[in-house]
Undergrad: 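Following this message is one structure expressed as structure tokens.
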There are 2 protein chains.
Amino acid sequence: MNYQEVGLDSIDCRILEVLQKDGRLSNAELSERVNLSASACHRRVQRLEKDGFIAGYVALVDPRKIGRKTTVFVEITLSGQSDEVLSGFERAVALIPDVLECHLMAGSADYLLKVVAEDAEDFARIHRRHLAGLPGVQTLQSSFSLKQVRQTTALPI
Amino acid sequence: MNYQEVGLDSIDCRILEVLQKDGRLSNAELSERVNLSASACHRRVQRLEKDGFIAGYVALVDPRKIGRKTTVFVEITLSGQSDEVLSGFERAVALIPDVLECHLMAGSADYLLKVVAEDAEDFARIHRRHLAGLPGVQTLQSSFSLKQVRQTTALPI
DNA sequence: ACTGAAAACTAAACAGA
DNA sequence: TCTGTTTAGTTTTCAGT
């Protein structure tokens with residue numbers, strides 16, 4: 001990344017790198033890791049939060065531990081591509097908690113959804129109860145993930 | 001979710017729900033939100049961490065703010081599906097920081113990668129420098145996301 | 001940008017239901 | 001065993017230099 005283009009210096013980058021790995025670091029420890037006084041560090045973090053570089057802090061829950069062992073990618077084609085069809089679909093998708101991601105894809109009017117389910121049977125239920133009934137759906141194709149080889153929330157800085 | 005099956009009670013679930021939205025809540029405030037004394041709450045959180053329900057805490061960095069405006073899903077077919085080919089591929093993929101996710105997909109020996117880039121040109125660079133040279137790659141198809149309709153790290157509990 | 005003090009928070013020990 | 005109370009030690013926050 002060329003960090004100067006987005007208004008950061010190398011210490012800001014370092015702060016983001018560290019907090020992306022451990023969002024609960026105390027300011028005291030963070031400041032040590034980036035070689036800054038605690039107060040200077042604290043002010044930088046506040047600025048990064050205020051300016052939206054840090055969108056928030058979250059706890060990551062292990063999906064397998066709570067029984068969500070299955071990830072499915074669903075490709076959906078809509079029957080039309082008017083703004084109403086698209087935004088009606090998007091509003092409806094946003095209400096399904098099992099859908100973690102929804103992307104409008106280039107090329108055709110296709111959406112790619114990332115869905116988490118307990119198992120294949122549970123996905124069938126989600127499919128029936130939530131996906132099949134989405135407004136404007138023309139085709140719908142599901143691909144199951146067998147194994148998550150890599151999964152990170154940390155962006156390269 | 002049927003939380004009892006995974007060894008949680010309704011308060012544990014509530015804690016996970018809350019921490020998935022705000023991972024930096026103080027124990028004092030968390031305990032208020034879940035109607036528990038601070039110490040009881042604190043012990044539950046520690047248990048959830050120790051038992052791996054909480055995999056960690058992270059700061060979420062806004063990809064657009066740091067210039068990563070483009071998400072691309074890449075579908076890769078390997079030339080073989082022996083364990084060596086697969087694990088060689090997986091080891092190599094894990095070293096590319098631009099690849100946020102890599103899934104082994106059911107059906108064929110296909111992988112689905114989620115890649116973040118600054119723009120299409122930057123993706124072309126990543127493609128050339130990192131993806132094309134991955135061991136065992138047979139075919140490689142890229143789909144660009146035009147718009148992130150929904151993006152959450154919070155699992156439904 | 002640093003210092004120091006007040007306020008808030010954490011984490012452990014102890015006690016009761 | 002689970003919850004609540006107390007307490008000592010940290011950390012955060014903010015005013016002053």
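Chain identifiers are assigned alphabetically (A, B, ...) following the order of the sequence lines, protein sequences preceding nucleic acid strands; residue numbering begins at 1 within each chain.
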Undergrad: So which atom in B/Phe89 and which in B/Cys102 form the shortest heavy-atom distance, rounded to 0.1 Å?
TA: CE2-SG, 4.3 Å
Undergrad: After noting the C-alpha distance and the side-chain angles of B/Asp12 and B/Arg47, does the key distance pass the salt bridge (charged side-chain N to carboxylate O under 4.0 Å, His left out) rule?
TA: CA-CA 10 Å; B/Asp12 293 323; B/Arg47 183 174 58 73; 2.9 Å; yes
Undergrad: Tell me the bend of the helix from C/dA1-D/dT17 to C/dA17-D/dT1 as the angle between end helix axes, each from five pairs, rounded to the nearest 10 degrees.
TA: 20°
Undergrad: Classify B/Arg47 by what it touches in the nucleic acid, base, sugar-phosphate, or nothing, heavy-atom distance under 4.0 Å.
TA: nothing
Undergrad: Hey, is the side chain of B/Arg43 poking within less than 4.0 Å of OP1 or OP2 on D/dG4, counting only N and O atoms?
TA: no
Undergrad: According to a hydrophobic-cluster definition based on side-chain heavy atoms being under 4.5 Å apart (Ile, Leu, Val, Met, Phe, Trp, Tyr only), do A/Met105 and A/Val137 belong together?
TA: no
Undergrad: So what does B/Ser37 touch, heavy atoms closer than 4.0 Å: a base, only the sugar-phosphate, or nothing?
TA: base
Undergrad: Please compare A/Leu36 and B/Ser26 by the position of their nearest nucleotide in DNA chain C and report the one closer to 5'.
TA: A/Leu36
Undergrad: If you only use heavy atoms from C-beta on, which nucleotide in D/dT11, C/dT10, D/dG4 is closest to the side chain of B/Ala40?
TA: D/dG4
Undergrad: Given salt bridge (charged side-chain N to carboxylate O under 4.0 Å, His left out), test A/Glu17 with A/Lys21 step by step and report yes or no.
TA: CA-CA 7 Å; A/Glu17 274 175 4; A/Lys21 293 203 206 101; 5.8 Å; no
Undergrad: On a heavy-atom basis, which atom in A/Val149 and which in B/Leu104 lie closest, and how many Å separate them?
TA: CG2-N, 4.3 Å
Undergrad: Side chain of A/Arg24, heavy atoms from C-beta onward: which of C/dA1, C/dT10, D/dG4 has the nearest atom to it?
TA: C/dT10
Undergrad: Tell whether B/Ser39 reaches the base of D/dT5 with its side chain through a donor-acceptor pair below 3.5 angstrom.
TA: yes
Undergrad: Salt bridge (charged side-chain N to carboxylate O under 4.0 Å, His left out) for A/Lys69 and A/Asp122? Distances and angles first, verdict last.
TA: CA-CA 10 Å; A/Lys69 294 183 285 274; A/Asp122 183 46; over 6 Å; no
Undergrad: Consider the side chain of A/His42, meaning its heavy atoms from C-beta on, and name the nucleotide among D/dT12, D/dT13, D/dT3 that approaches it most closely.
TA: D/dT13
